[in-house]
Amino acid sequence: VLDQTPFYAETGGQVGDQGRLVRPDTGETVAVVTTVFPPVPGLSVHRIRAVAPLRLGEEVLARVDPALRLATMRNHTATHLLHAALRQVLGTHVKQAGSVVEPPRLRFDFTHYSAPDSAELEEIERLINSQILRNAEVTTAVLPLERAIAAGAMALFGEKYGDEVRVVSVADFSKELCGGTHVARTGDIGVCKIVSEGSISAGVRRIEAITGEAAVRQYQQAHGTLQALAHLLRVGEPELVEQVERMLAQQRALEKQLEQLK
């Protein structure tokens, strides 16, 4: 436990920061911080792996891993964009039912009565990325709870809020009560790609998505797979589906002919 810390403690679906504790005089690492959590409100406890002796009252410098923090910030702001896009495409009955925000990905659970079709998912993804391309400013403000709700900020059902709350807004697209870390502008997210959608219980569905460098790697892997398939089938990428359909039809005909011969 430190008297003050720059580390974000796991709460509201966002994972705790990782980083290091170092000696202020030598810069030597004395502990690796694997996560931070609040056992009681207002107290941040650092879970560490000590690599040097640590004593009560000792002074250390706390250094958050910047790459992991930035990746988490991208995913958290993208979660807000996803929530707003879902409500635009599927309807305002959509409500958040849980979330996980961590460096590699985001996971968002929401209330909805049926599976979104492929066209709806494409439109949700398009809306998110159009806001990213706008490079809209992400602003925060601390307001009295009643004033924040009156201004249209989304609050989580069942969540306990204090008299004053932090409101995170993305232009005129999204406004939510949130205490997490966010990017300064939506363009910092880079790109957002939905990777899965499915049901987790009656009336509750789950979307997983990736942003930034993780999304770029996914695009590169998908493109590499398409190129490999096109090379194997000796056609251009635009003709891939047509060629596979032709081969499947040929295989079915051969199987039918083989059955008749047997």
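This one's a predicted model, so the numbers in the text were calculated from it and none came from an experiment. What you see below is based on every heavy atom in this structure, not just the backbone, and it leaves out hydrogens, waters and symmetry mates.
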Atom CG of Leu81 and atom CZ of Phe108: how far apart are they, to the nearest 0.5 Å? 11.0 Å
Under 4.5 Å between any side-chain heavy atoms of Val89 and Leu127, yes or no? yes
Quick one: pull up CD in Glu10 and OG in Ser44 and give me the separation to the nearest 0.5 Å. 11.5 Å
Under 3.5 Å side-chain donor-acceptor pair for Thr35 and Gln18: no
Quick one: do His112 and His93 satisfy side-chain contact (heavy atoms from CB on, under 4.5 Å)? Show the steps, please. CA-CA 8 Å; His112 190 51; His93 64 278; 2.8 Å; yes
Applying the 4.5 Å side-chain criterion to the ILVMFWY set and letting contacts propagate, would Leu226 and Val235 be lumped into a single cluster? yes
Cluster overlap Leu70 with Leu68, hydrophobic side-chain contacts below 4.5 Å: no
State whether Arg105 and Glu208 are salt-bridged, where the test is any N-O pair (Lys NZ or Arg NE/NH1/NH2 against Asp/Glu carboxylate O) under 4.0 Å. yes
Do you know the tightest heavy-atom contact between Ala215 and Ile210? CA-CD1, 3.7 Å
Gap separating the CG atom of Leu82 from the CD atom of Glu125, nearest 0.5 angstrom: 10.0 Å
For Gln218, is there any backbone N or O sitting under 3.5 Å from a side-chain donor or acceptor partner on Gln221? no
Where is the tightest heavy-atom contact between Ala52 and Glu28, given as atom of each residue plus distance? CB-OE2, 4.0 Å
List the atom of Ala84, the atom of Ser174, and the distance in Å for their closest heavy-atom pair. CB-CB, 4.1 Å
Working note: Cys178 + His76, criterion side-chain contact (heavy atoms from CB on, under 4.5 Å); need CA distance, chi angles, decisive distance, verdict. CA-CA 10 Å; Cys178 179; His76 204 155; 3.4 Å; yes
Do any N or O atoms from the side chain of Arg166 and from the backbone of Gly180 form a donor-acceptor pair under 3.5 angstrom? yes
Check Glu242 with Arg246, please: is the shortest side-chain N to carboxylate O separation under 4.0 Å? yes
Determine whether Ile132 and Leu121 fall in the same hydrophobic cluster, where Ile, Leu, Val, Met, Phe, Trp and Tyr are linked whenever their side-chain heavy atoms lie under 4.5 Å apart. yes
Between the main-chain N or O of Glu120 and the side-chain N or O of Asp117, is there a donor-acceptor pair closer than 3.5 Å? yes
Nearest-0.5 Å distance, CG of residue Leu86 to OG1 of residue Thr92: 12.5 Å
With the side chain counted from C-beta on, respond yes when Leu233 and Leu240 share a heavy-atom pair under 4.5 Å apart, and no when they do not. yes
When you group the ILVMFWY residues by side-chain heavy-atom contacts below 4.5 Å and let the links chain together, are Phe110 and Ile128 in the same group? yes
Does atom CG (Leu56) have a neighbourhood of more than 12 heavy atoms from anything else shown, all under 6.0 Å? no
Within the distance-only criterion (no hydrogens, no angle test), does the side chain of Glu137 pair as donor or acceptor with the backbone N or O of Ala184 below 3.5 angstrom? no
Taking transitive links into account, so neighbours of neighbours count too, which hydrophobic residues share a cluster with Val33 at under 4.5 Å side-chain distance? Leu2, Phe7, Leu21, Val30, Val36, Ile48, Leu54, Val60, Val64
Beyond-backbone contact of Gln96 with Met154, side-chain heavy atoms, under 4.5 angstrom: no
Can you tell me if Asp65 uses its side chain to pair, donor with acceptor, with the backbone of Gly19 under 3.5 Å? no
Same cluster (ILVMFWY, side-chain, under 4.5 Å), Val22 and Val32: no
Compare all side-chain heavy atoms of Ser199 with those of Val204 and state whether any distance is below 4.5 angstrom. no
Expected output: side-chain Asp17 to main-chain Tyr8 donor-acceptor under 3.5 Å: yes
Does the pair Lys256/Glu259 count as a salt bridge with the N-to-O cut at 4.0 Å? no
Looking only at side-chain N and O atoms, does Thr5 offer a donor or acceptor that is under 3.5 Å from a partner on His46? yes
Check the pair Arg234, Gln243 against side-chain contact (heavy atoms from CB on, under 4.5 Å), reporting the backbone distance first and the verdict last. CA-CA 9 Å; Arg234 297 179 181 178; Gln243 177 70 353; over 6 Å; no
Spell out, as yes or no, whether a donor-acceptor pair under 3.5 Å connects the side chain of Thr111 to the backbone of Val94. no
Kindly indicate, with the supporting measurements, whether the criterion side chain to side chain donor-acceptor pair (under 3.5 Å) is fulfilled by Thr11 and Gln14. CA-CA 6 Å; Thr11 186; Gln14 180 175 329; over 6 Å; no
Is the gap between the ring centers of Phe173 and His80 under 6.0 Å? no
Sequence-distant partners of Val1, side chain to side chain contact (heavy atoms under 4.5 Å, CB included), two or more places apart: Leu43, Val45
For Ala148 against Val165, the heavy-atom pair lying closest together: CB-CG2, 3.7 Å
Approximate separation, where rounding is to 0.5 Å, of Cys192 SG and Leu106 CG: 6.0 Å
Spatial distance of atom CD (Glu146) from atom CG (Asp163) [nearest 0.5 Å]: 9.0 Å
State, to 0.1 Å, how close Gly236 and Ala230 come at their nearest heavy-atom pair, and which atoms those are. C-CB, 4.4 Å
N-O pairing of Glu197 and Arg206 below 4.0 Å: no
Run the numbers on Leu177 and Val167 for side-chain contact (heavy atoms from CB on, under 4.5 Å), then give the verdict. CA-CA 5 Å; Leu177 304 186; Val167 180; 3.7 Å; yes
Kindly check if the number of other-residue, nucleotide or ligand heavy atoms within 6.0 Å of CD (Glu255) is above 12? yes
Just by modelled atom types, is the Lys175 backbone N or O under 3.5 Å from a matching donor or acceptor in the Ser169 side chain? no
Is a side-chain N or O of Asp188 found less than 3.5 angstrom from the main chain of Arg185, in a donor-acceptor match? yes
Least distance between heavy atoms, Thr186 atom then Gln131 atom: OG1-O, 2.7 Å
Should Arg134 and Asp172 be marked as a salt bridge (charged side-chain N to carboxylate O under 4.0 Å, His left out) after you check the CA-CA gap, both sets of side-chain angles, and the distance that decides it? CA-CA 12 Å; Arg134 281 180 65 189; Asp172 56 352; 3.6 Å; yes
Asn75 side chain to Thr211 side chain, donor-acceptor N/O pair below 3.5 angstrom: yes
Using salt bridge (charged side-chain N to carboxylate O under 4.0 Å, His left out), reason through Arg23 and Glu59 one step at a time and then give a plain yes or no. CA-CA 7 Å; Arg23 298 198 191 283; Glu59 188 175 287; over 6 Å; no
